[in-house]
There are 2 protein chains.
Amino acid sequence: MTILQAIEKHITLSKEEGNYLLSILDAKVLKQGEFIETAGKITEHFIYVKSGCLMTYYTNEQAHDHVIQFAMPNWWTGDLNSFTKQVVSAYSTRALADSEVLLIQKKDLDTLLDRFPVFEKYFRIIFQNSLITHQNRIVQNIAATAEVRYLEFQKKYPSLEQYVPLKYIASYLGITPEFLSKIRRRLMER
Amino acid sequence: MTILQAIEKHITLSKEEGNYLLSILDAKVLKQGEFIETAGKITEHFIYVKSGCLMTYYTNEQAHDHVIQFAMPNWWTGDLNSFTKQVVSAYSTRALADSEVLLIQKKDLDTLLDRFPVFEKYFRIIFQNSLITHQNRIVQNIAATAEVRYLEFQKKYPSLEQYVPLKYIASYLGITPEFLSKIRRRLMER
DNA sequence: CTAGTTTCTTAATCTAGTTCAAGATATCCC
DNA sequence: GGGATATCTTGAACTAGATTAAGAAACTAG
(Lines give C-alpha, C1' and ligand atoms only; values in the text may rest on other atoms or scores of the structure.)
Protein backbone atom coordinates (compact mmCIF):
# COMPACT_ATOMS: atom_id res chain seq x y z
CA MET A 1 0.00 0.00 0.00
CA THR A 2 1.34 3.43 -0.93
CA ILE A 3 1.19 6.35 1.45
CA LEU A 4 -1.51 7.99 -0.70
CA GLN A 5 -3.68 4.88 -0.52
CA ALA A 6 -3.22 4.80 3.26
CA ILE A 7 -4.17 8.45 3.57
CA GLU A 8 -7.20 8.02 1.33
CA LYS A 9 -8.67 5.62 3.85
CA HIS A 10 -9.36 8.72 5.92
CA ILE A 11 -9.78 11.59 3.46
CA THR A 12 -10.16 12.20 -0.28
CA LEU A 13 -7.22 13.78 -2.09
CA SER A 14 -7.10 15.62 -5.41
CA LYS A 15 -4.24 14.91 -7.81
CA GLU A 16 -2.67 18.22 -6.88
CA GLU A 17 -2.85 17.57 -3.14
CA GLY A 18 -1.39 14.09 -3.50
CA ASN A 19 1.40 15.22 -5.77
CA TYR A 20 2.29 18.11 -3.53
CA LEU A 21 2.58 15.79 -0.55
CA LEU A 22 4.80 13.39 -2.49
CA SER A 23 6.98 16.30 -3.59
CA ILE A 24 7.89 17.22 -0.02
CA LEU A 25 8.51 13.66 1.21
CA ASP A 26 12.06 12.43 1.36
CA ALA A 27 12.51 8.66 1.00
CA LYS A 28 15.19 6.95 3.02
CA VAL A 29 16.35 3.38 3.53
CA LEU A 30 17.44 2.36 7.02
CA LYS A 31 19.64 -0.60 7.94
CA GLN A 32 18.69 -2.60 11.00
CA GLY A 33 19.90 -0.71 14.07
CA GLU A 34 20.38 2.58 12.23
CA PHE A 35 19.31 5.80 13.98
CA ILE A 36 16.99 8.27 12.33
CA GLU A 37 16.67 10.67 15.28
CA THR A 38 18.91 11.00 18.33
CA ALA A 39 18.20 12.19 21.89
CA GLY A 40 19.87 15.51 22.55
CA LYS A 41 19.23 16.89 19.07
CA ILE A 42 16.23 18.70 17.64
CA THR A 43 13.97 16.29 15.74
CA GLU A 44 14.20 17.23 12.07
CA HIS A 45 11.50 14.98 10.64
CA PHE A 46 8.14 13.47 11.20
CA ILE A 47 8.52 9.89 10.04
CA TYR A 48 6.22 7.69 7.98
CA VAL A 49 7.09 3.98 7.99
CA LYS A 50 6.74 2.36 4.54
CA SER A 51 8.20 -1.00 5.52
CA GLY A 52 10.14 -2.56 8.38
CA CYS A 53 9.82 -1.45 11.96
CA LEU A 54 11.17 1.39 14.13
CA MET A 55 11.25 2.04 17.84
CA THR A 56 11.37 5.27 19.84
CA TYR A 57 12.91 5.13 23.29
CA TYR A 58 14.00 7.21 26.22
CA THR A 59 17.36 6.67 27.93
CA ASN A 60 17.52 7.68 31.60
CA GLU A 61 20.46 8.82 33.73
CA GLN A 62 21.39 5.23 34.55
CA ALA A 63 21.63 4.56 30.82
CA HIS A 64 18.55 2.34 30.86
CA ASP A 65 16.46 2.38 27.69
CA HIS A 66 12.68 2.67 27.92
CA VAL A 67 10.78 1.91 24.74
CA ILE A 68 7.93 4.36 24.24
CA GLN A 69 6.56 2.93 21.03
CA PHE A 70 7.13 0.61 18.14
CA ALA A 71 6.16 1.87 14.68
CA MET A 72 4.83 -0.55 12.08
CA PRO A 73 4.30 -0.03 8.33
CA ASN A 74 1.86 2.79 7.49
CA TRP A 75 2.28 4.44 10.89
CA TRP A 76 3.68 7.87 11.62
CA THR A 77 6.28 8.08 14.36
CA GLY A 78 8.99 10.21 15.94
CA ASP A 79 9.29 12.57 18.89
CA LEU A 80 6.24 14.75 18.37
CA ASN A 81 7.24 17.12 21.16
CA SER A 82 10.66 17.87 19.77
CA PHE A 83 9.32 18.06 16.21
CA THR A 84 6.41 20.35 17.05
CA LYS A 85 8.22 22.79 19.33
CA GLN A 86 11.66 22.37 17.75
CA VAL A 87 13.26 21.73 21.12
CA VAL A 88 15.93 19.19 21.98
CA SER A 89 14.58 15.67 21.89
CA ALA A 90 14.49 13.36 24.90
CA TYR A 91 14.05 10.32 22.69
CA SER A 92 15.94 8.37 20.06
CA THR A 93 14.35 6.59 17.12
CA ARG A 94 16.00 3.71 15.26
CA ALA A 95 15.23 0.85 12.93
CA LEU A 96 14.60 -2.59 14.46
CA ALA A 97 14.74 -4.18 11.01
CA ASP A 98 15.81 -2.98 7.58
CA SER A 99 13.19 -0.34 6.86
CA GLU A 100 12.00 2.23 4.33
CA VAL A 101 10.74 5.53 5.65
CA LEU A 102 9.38 8.78 4.25
CA LEU A 103 10.48 11.95 6.00
CA ILE A 104 8.82 15.32 6.21
CA GLN A 105 10.41 18.47 7.57
CA LYS A 106 8.61 20.77 9.98
CA LYS A 107 8.54 23.78 7.66
CA ASP A 108 7.28 21.63 4.79
CA LEU A 109 4.52 20.16 6.93
CA ASP A 110 3.52 23.66 8.05
CA THR A 111 3.32 24.76 4.43
CA LEU A 112 1.39 21.66 3.45
CA LEU A 113 -1.20 22.26 6.15
CA ASP A 114 -1.50 25.91 5.13
CA ARG A 115 -1.90 25.31 1.43
CA PHE A 116 -4.05 22.17 1.59
CA PRO A 117 -6.23 22.21 4.70
CA VAL A 118 -7.54 18.73 3.90
CA PHE A 119 -4.37 17.51 5.58
CA GLU A 120 -5.50 19.21 8.78
CA LYS A 121 -8.38 16.80 8.77
CA TYR A 122 -6.09 13.88 8.01
CA PHE A 123 -3.75 14.61 10.89
CA ARG A 124 -6.67 15.45 13.18
CA ILE A 125 -7.95 11.91 12.60
CA ILE A 126 -4.49 10.34 12.92
CA PHE A 127 -3.78 12.13 16.19
CA GLN A 128 -7.26 11.43 17.52
CA ASN A 129 -6.84 7.69 16.90
CA SER A 130 -3.37 7.72 18.35
CA LEU A 131 -4.67 9.48 21.45
CA ILE A 132 -7.24 6.73 21.96
CA THR A 133 -4.47 4.12 21.74
CA HIS A 134 -2.30 6.03 24.19
CA GLN A 135 -5.15 6.37 26.68
CA ASN A 136 -5.65 2.65 26.48
CA ARG A 137 -2.03 1.98 27.17
CA ILE A 138 -2.05 4.28 30.20
CA VAL A 139 -5.01 2.41 31.66
CA GLN A 140 -3.20 -0.87 31.10
CA ASN A 141 -0.06 0.45 32.74
CA ILE A 142 -1.80 1.54 35.90
CA ALA A 143 -4.46 -1.17 36.12
CA ALA A 144 -3.03 -4.43 34.72
CA THR A 145 -0.26 -6.82 35.76
CA ALA A 146 2.82 -7.31 33.59
CA GLU A 147 1.49 -10.67 32.43
CA VAL A 148 -1.74 -9.14 31.14
CA ARG A 149 0.19 -6.34 29.47
CA TYR A 150 2.40 -8.90 27.74
CA LEU A 151 -0.60 -10.82 26.42
CA GLU A 152 -2.12 -7.57 25.16
CA PHE A 153 1.16 -6.70 23.49
CA GLN A 154 1.13 -10.00 21.63
CA LYS A 155 -2.38 -9.27 20.39
CA LYS A 156 -1.50 -5.75 19.29
CA TYR A 157 1.81 -6.63 17.59
CA PRO A 158 1.45 -10.28 16.53
CA SER A 159 4.39 -10.18 14.13
CA LEU A 160 6.82 -8.25 16.28
CA GLU A 161 7.91 -10.89 18.77
CA GLN A 162 9.61 -12.93 16.07
CA TYR A 163 12.28 -10.39 15.22
CA VAL A 164 12.44 -7.86 18.03
CA PRO A 165 14.83 -8.67 20.90
CA LEU A 166 12.80 -9.55 23.98
CA LYS A 167 14.62 -6.95 26.03
CA TYR A 168 12.92 -4.22 24.00
CA ILE A 169 9.55 -5.81 24.50
CA ALA A 170 10.25 -5.98 28.24
CA SER A 171 11.20 -2.32 28.14
CA TYR A 172 7.99 -1.42 26.29
CA LEU A 173 6.03 -3.28 28.96
CA GLY A 174 7.86 -1.44 31.73
CA ILE A 175 9.56 -4.54 33.20
CA THR A 176 13.04 -6.11 33.18
CA PRO A 177 14.05 -8.77 30.62
CA GLU A 178 14.53 -11.20 33.50
CA PHE A 179 10.97 -10.81 34.64
CA LEU A 180 9.62 -11.15 31.11
CA SER A 181 11.54 -14.42 30.93
CA LYS A 182 9.76 -15.63 34.05
CA ILE A 183 6.37 -14.62 32.68
CA ARG A 184 7.06 -16.46 29.45
CA ARG A 185 8.00 -19.61 31.30
CA ARG A 186 4.91 -19.39 33.48
CA LEU A 187 2.76 -19.09 30.36
CA MET A 188 4.51 -22.02 28.64
CA GLU A 189 3.98 -24.29 31.63
CA ARG A 190 0.23 -23.83 31.51
CA MET B 1 -11.66 33.24 29.66
CA THR B 2 -14.47 32.26 27.28
CA ILE B 3 -14.23 29.20 25.08
CA LEU B 4 -13.86 31.42 22.01
CA GLN B 5 -10.92 33.24 23.55
CA ALA B 6 -9.32 29.91 24.43
CA ILE B 7 -9.79 28.62 20.89
CA GLU B 8 -8.43 31.81 19.38
CA LYS B 9 -5.11 31.14 21.04
CA HIS B 10 -4.68 28.47 18.38
CA ILE B 11 -6.69 29.63 15.37
CA THR B 12 -8.52 32.71 14.10
CA LEU B 13 -12.31 32.55 13.97
CA SER B 14 -14.78 34.64 12.00
CA LYS B 15 -17.97 35.88 13.69
CA GLU B 16 -19.94 33.25 11.83
CA GLU B 17 -17.66 30.39 12.84
CA GLY B 18 -17.66 31.45 16.48
CA ASN B 19 -21.41 31.92 16.59
CA TYR B 20 -22.03 28.59 14.95
CA LEU B 21 -19.87 26.82 17.50
CA LEU B 22 -21.68 28.55 20.36
CA SER B 23 -25.03 27.57 18.86
CA ILE B 24 -24.26 23.85 19.06
CA LEU B 25 -22.77 23.91 22.57
CA ASP B 26 -24.99 22.91 25.45
CA ALA B 27 -24.10 24.47 28.82
CA LYS B 28 -24.52 22.39 31.93
CA VAL B 29 -23.80 22.87 35.62
CA LEU B 30 -22.50 19.88 37.57
CA LYS B 31 -22.62 19.41 41.33
CA GLN B 32 -19.57 17.90 43.00
CA GLY B 33 -19.67 14.15 42.49
CA GLU B 34 -22.20 14.29 39.66
CA PHE B 35 -21.71 11.99 36.66
CA ILE B 36 -21.66 13.34 33.12
CA GLU B 37 -20.82 10.04 31.38
CA THR B 38 -21.11 6.49 32.70
CA ALA B 39 -19.20 3.30 31.88
CA GLY B 40 -21.42 0.87 29.99
CA LYS B 41 -23.21 3.54 27.98
CA ILE B 42 -22.29 5.20 24.71
CA THR B 43 -20.60 8.55 25.32
CA GLU B 44 -22.99 11.22 24.08
CA HIS B 45 -20.79 14.29 24.39
CA PHE B 46 -17.33 15.64 24.05
CA ILE B 47 -16.87 17.83 27.09
CA TYR B 48 -15.32 21.27 27.48
CA VAL B 49 -14.59 22.34 31.07
CA LYS B 50 -15.47 25.99 31.75
CA SER B 51 -14.84 25.89 35.48
CA GLY B 52 -14.30 23.33 38.21
CA CYS B 53 -12.64 19.99 37.66
CA LEU B 54 -13.66 16.58 36.27
CA MET B 55 -12.07 13.16 36.31
CA THR B 56 -12.36 10.21 33.95
CA TYR B 57 -11.73 6.75 35.36
CA TYR B 58 -11.86 3.07 34.61
CA THR B 59 -13.39 0.58 37.02
CA ASN B 60 -12.03 -2.98 36.81
CA GLU B 61 -13.67 -6.31 37.67
CA GLN B 62 -12.62 -5.99 41.31
CA ALA B 63 -14.46 -2.66 41.43
CA HIS B 64 -11.22 -0.72 41.75
CA ASP B 65 -11.20 2.73 40.16
CA HIS B 66 -8.29 3.84 38.02
CA VAL B 67 -8.14 7.54 37.22
CA ILE B 68 -7.12 8.10 33.62
CA GLN B 69 -7.15 11.87 33.64
CA PHE B 70 -8.19 14.99 35.46
CA ALA B 71 -9.67 17.81 33.39
CA MET B 72 -9.06 21.41 34.35
CA PRO B 73 -10.76 24.59 33.09
CA ASN B 74 -10.35 25.15 29.33
CA TRP B 75 -9.56 21.50 28.66
CA TRP B 76 -11.56 19.06 26.59
CA THR B 77 -12.26 15.69 28.14
CA GLY B 78 -14.36 12.54 27.96
CA ASP B 79 -13.98 9.03 26.56
CA LEU B 80 -12.69 9.80 23.08
CA ASN B 81 -12.93 6.17 22.00
CA SER B 82 -16.58 5.78 22.90
CA PHE B 83 -17.42 9.21 21.51
CA THR B 84 -15.60 8.74 18.22
CA LYS B 85 -16.76 5.22 17.43
CA GLN B 86 -20.08 5.43 19.29
CA VAL B 87 -19.35 2.22 21.16
CA VAL B 88 -20.03 1.43 24.80
CA SER B 89 -17.71 3.35 27.09
CA ALA B 90 -15.25 1.71 29.43
CA TYR B 91 -14.88 4.87 31.47
CA SER B 92 -16.94 7.13 33.67
CA THR B 93 -16.55 10.89 33.94
CA ARG B 94 -17.68 12.93 36.93
CA ALA B 95 -17.20 16.28 38.61
CA LEU B 96 -14.65 16.50 41.43
CA ALA B 97 -15.91 19.97 42.32
CA ASP B 98 -18.93 22.02 41.34
CA SER B 99 -18.26 22.63 37.65
CA GLU B 100 -19.60 24.25 34.50
CA VAL B 101 -19.19 22.37 31.26
CA LEU B 102 -20.06 22.84 27.60
CA LEU B 103 -21.22 19.75 25.74
CA ILE B 104 -21.11 18.94 22.06
CA GLN B 105 -22.82 15.99 20.42
CA LYS B 106 -21.06 13.76 17.90
CA LYS B 107 -23.33 14.62 14.99
CA ASP B 108 -22.99 18.33 15.72
CA LEU B 109 -19.21 18.10 15.91
CA ASP B 110 -19.17 16.22 12.59
CA THR B 111 -21.28 18.94 11.01
CA LEU B 112 -19.11 21.67 12.52
CA LEU B 113 -15.95 20.12 11.10
CA ASP B 114 -17.62 19.74 7.70
CA ARG B 115 -18.97 23.25 7.45
CA PHE B 116 -16.06 25.10 9.03
CA PRO B 117 -12.79 23.26 8.37
CA VAL B 118 -10.86 25.74 10.51
CA PHE B 119 -12.01 23.58 13.42
CA GLU B 120 -10.15 20.63 11.89
CA LYS B 121 -7.02 22.64 12.45
CA TYR B 122 -8.07 23.51 15.98
CA PHE B 123 -8.69 19.92 16.99
CA ARG B 124 -5.58 18.76 15.14
CA ILE B 125 -3.56 21.07 17.41
CA ILE B 126 -5.50 20.09 20.54
CA PHE B 127 -5.05 16.37 19.88
CA GLN B 128 -1.42 16.81 18.90
CA ASN B 129 -0.65 18.59 22.19
CA SER B 130 -2.61 16.04 24.14
CA LEU B 131 -0.68 13.25 22.46
CA ILE B 132 2.59 14.81 23.56
CA THR B 133 1.31 14.94 27.14
CA HIS B 134 0.16 11.34 27.00
CA GLN B 135 3.51 10.15 25.63
CA ASN B 136 5.19 11.92 28.50
CA ARG B 137 2.98 10.22 31.01
CA ILE B 138 3.69 6.81 29.52
CA VAL B 139 7.43 7.39 29.81
CA GLN B 140 6.97 8.42 33.43
CA ASN B 141 4.88 5.36 34.17
CA ILE B 142 7.42 2.92 32.82
CA ALA B 143 10.61 4.76 33.80
CA ALA B 144 10.01 6.63 37.07
CA THR B 145 9.29 5.60 40.65
CA ALA B 146 5.98 6.47 42.31
CA GLU B 147 7.69 9.21 44.30
CA VAL B 148 8.97 10.94 41.17
CA ARG B 149 5.57 10.60 39.53
CA TYR B 150 3.95 12.21 42.55
CA LEU B 151 6.34 15.17 42.45
CA GLU B 152 5.65 15.58 38.73
CA PHE B 153 1.93 15.44 39.40
CA GLN B 154 2.25 18.28 41.91
CA LYS B 155 4.06 20.37 39.31
CA LYS B 156 1.49 19.64 36.62
CA TYR B 157 -1.61 20.17 38.78
CA PRO B 158 -0.50 22.57 41.53
CA SER B 159 -4.04 23.48 42.57
CA LEU B 160 -5.55 20.02 42.50
CA GLU B 161 -4.13 18.50 45.66
CA GLN B 162 -6.07 20.94 47.84
CA TYR B 163 -9.52 19.72 46.94
CA VAL B 164 -9.17 16.31 45.29
CA PRO B 165 -9.25 13.30 47.65
CA LEU B 166 -5.78 11.78 47.83
CA LYS B 167 -7.12 8.38 46.86
CA TYR B 168 -7.87 9.69 43.39
CA ILE B 169 -4.41 11.13 43.09
CA ALA B 170 -2.98 7.77 44.15
CA SER B 171 -5.14 6.11 41.53
CA TYR B 172 -3.95 8.53 38.85
CA LEU B 173 -0.37 7.70 39.82
CA GLY B 174 -1.09 3.98 39.64
CA ILE B 175 -0.48 3.29 43.33
CA THR B 176 -2.61 2.62 46.44
CA PRO B 177 -3.68 5.41 48.82
CA GLU B 178 -1.66 3.69 51.55
CA PHE B 179 1.52 3.87 49.55
CA LEU B 180 0.91 7.50 48.64
CA SER B 181 0.59 8.16 52.36
CA LYS B 182 4.01 6.62 52.91
CA ILE B 183 5.55 8.70 50.14
CA ARG B 184 4.07 11.87 51.57
CA ARG B 185 5.48 11.12 55.01
CA ARG B 186 8.89 10.31 53.55
CA LEU B 187 8.88 13.66 51.74
CA MET B 188 7.76 15.57 54.86
CA GLU B 189 10.55 14.09 56.95
CA ARG B 190 13.24 15.41 54.63
C1' DC C 1 -24.27 19.06 68.11
C1' DT C 2 -23.76 14.39 67.06
C1' DA C 3 -23.92 10.01 64.61
C1' DG C 4 -22.56 8.24 60.34
C1' DT C 5 -19.71 8.11 56.52
C1' DT C 6 -15.69 8.97 53.95
C1' DT C 7 -10.84 9.94 53.90
C1' DC C 8 -6.18 9.52 55.60
C1' DT C 9 -2.57 7.31 58.13
C1' DT C 10 0.08 3.62 60.43
C1' DA C 11 1.82 -0.86 60.88
C1' DA C 12 2.40 -5.81 59.83
C1' DT C 13 2.59 -9.04 56.37
C1' DC C 14 2.82 -10.36 51.68
C1' DT C 15 3.98 -10.34 46.57
C1' DA C 16 5.10 -8.58 42.01
C1' DG C 17 8.84 -7.19 40.06
C1' DT C 18 14.15 -5.75 40.50
C1' DT C 19 19.01 -6.57 40.97
C1' DC C 20 22.97 -9.14 40.62
C1' DA C 21 25.51 -12.90 38.98
C1' DA C 22 26.28 -16.73 36.12
C1' DG C 23 25.51 -19.94 32.55
C1' DA C 24 23.34 -21.11 28.07
C1' DT C 25 21.97 -19.77 23.28
C1' DA C 26 22.03 -17.37 19.54
C1' DT C 27 23.98 -13.96 16.27
C1' DC C 28 27.49 -11.52 13.96
C1' DC C 29 31.60 -10.76 11.64
C1' DC C 30 36.32 -11.68 9.95
C1' DG D 1 34.24 -22.06 10.90
C1' DG D 2 35.25 -19.97 15.18
C1' DG D 3 35.83 -16.29 18.41
C1' DA D 4 33.52 -12.28 20.03
C1' DT D 5 29.43 -10.13 21.24
C1' DA D 6 24.67 -9.75 22.21
C1' DT D 7 20.56 -12.11 23.89
C1' DC D 8 17.92 -15.13 26.86
C1' DT D 9 17.23 -17.79 30.97
C1' DT D 10 17.73 -19.27 35.83
C1' DG D 11 18.12 -18.61 40.61
C1' DA D 12 18.99 -16.21 45.03
C1' DA D 13 18.54 -12.11 47.53
C1' DC D 14 16.25 -7.86 47.73
C1' DT D 15 12.81 -3.82 47.44
C1' DA D 16 8.95 -1.10 45.81
C1' DG D 17 4.56 -1.28 46.32
C1' DA D 18 0.02 -4.13 47.54
C1' DT D 19 -3.04 -5.98 50.95
C1' DT D 20 -5.34 -6.24 55.16
C1' DA D 21 -6.85 -4.34 59.27
C1' DA D 22 -7.61 -0.84 62.47
C1' DG D 23 -7.56 3.66 64.39
C1' DA D 24 -7.57 8.84 63.72
C1' DA D 25 -9.18 12.78 61.38
C1' DA D 26 -12.28 15.15 58.57
C1' DC D 27 -16.42 15.96 56.38
C1' DT D 28 -21.26 15.36 55.98
C1' DA D 29 -26.43 15.44 57.11
C1' DG D 30 -30.09 15.31 60.17
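Order of the sequence lines sets the chain letters (A, B, ...), proteins ahead of strands, with each chain counted from 1. Predicted, not measured: the structure shown is a model, and the values here were computed from it.
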### Task
Find the distance B:Leu96:CG to C:dT7:P and express it as a whole number of Å.
11 Å
### Length of the CD-C1' vector between A:Glu147 and C:dG17, whole Å
13 Å
### Message
Under 4.0 Å from OP1 or OP2 of D:dG11: is there any side-chain N or O of A:Arg185 that close?
### Response
yes
### Task
For a salt bridge (Lys or Arg N to Asp or Glu O under 4.0 Å) with A:Glu152, tell me which candidate from A:Arg149, A:Lys155, A:Lys156 qualifies.
A:Lys155
### Message
What is the distance, to the nearest angstrom, from the CD1 atom on B:Ile183 to the P atom on D:dT15?
### Response
17 Å
### Task
Treating Ile, Leu, Val, Met, Phe, Trp and Tyr as nodes and any side-chain heavy-atom pair under 4.5 angstrom as an edge, say whether B:Phe70 and B:Leu80 lie in one connected cluster.
no
### Task
Establish, with yes or no, whether the OP1 or OP2 oxygen of C:dT9 is under 4.0 angstrom from a side-chain nitrogen or oxygen of B:Arg184.
yes
#### Entry: Name of the residue among A:Thr38, A:Thr56, A:Thr77 meeting side-chain hydrogen bond (donor to acceptor under 3.5 Å, both in side chains) with A:Thr93
A:Thr56
### Message
Quick one: does any side-chain atom of B:Ser89 pair with a main-chain N or O of B:Gly40 as donor and acceptor, under 3.5 Å?
### Response
no
## Note on the structure
Taken to the nearest whole Å, OH/A:Tyr150 to P/C:dA16 is 18 Å
### Message
Nearest 0.5 angstrom please: A:Glu44 CD to A:Ile47 CD1, how far?
### Response
11.0 Å
### Close residues, residues 158-180 of chain B, relative to DNA chain D [heavy-atom separation under 4.0 Å]
B:Gly174, B:Ile175, B:Thr176, B:Glu178, B:Phe179
### Query
Would you say the ring centroid of A:Tyr91 lies under 6.0 angstrom from that of A:Tyr57?
no
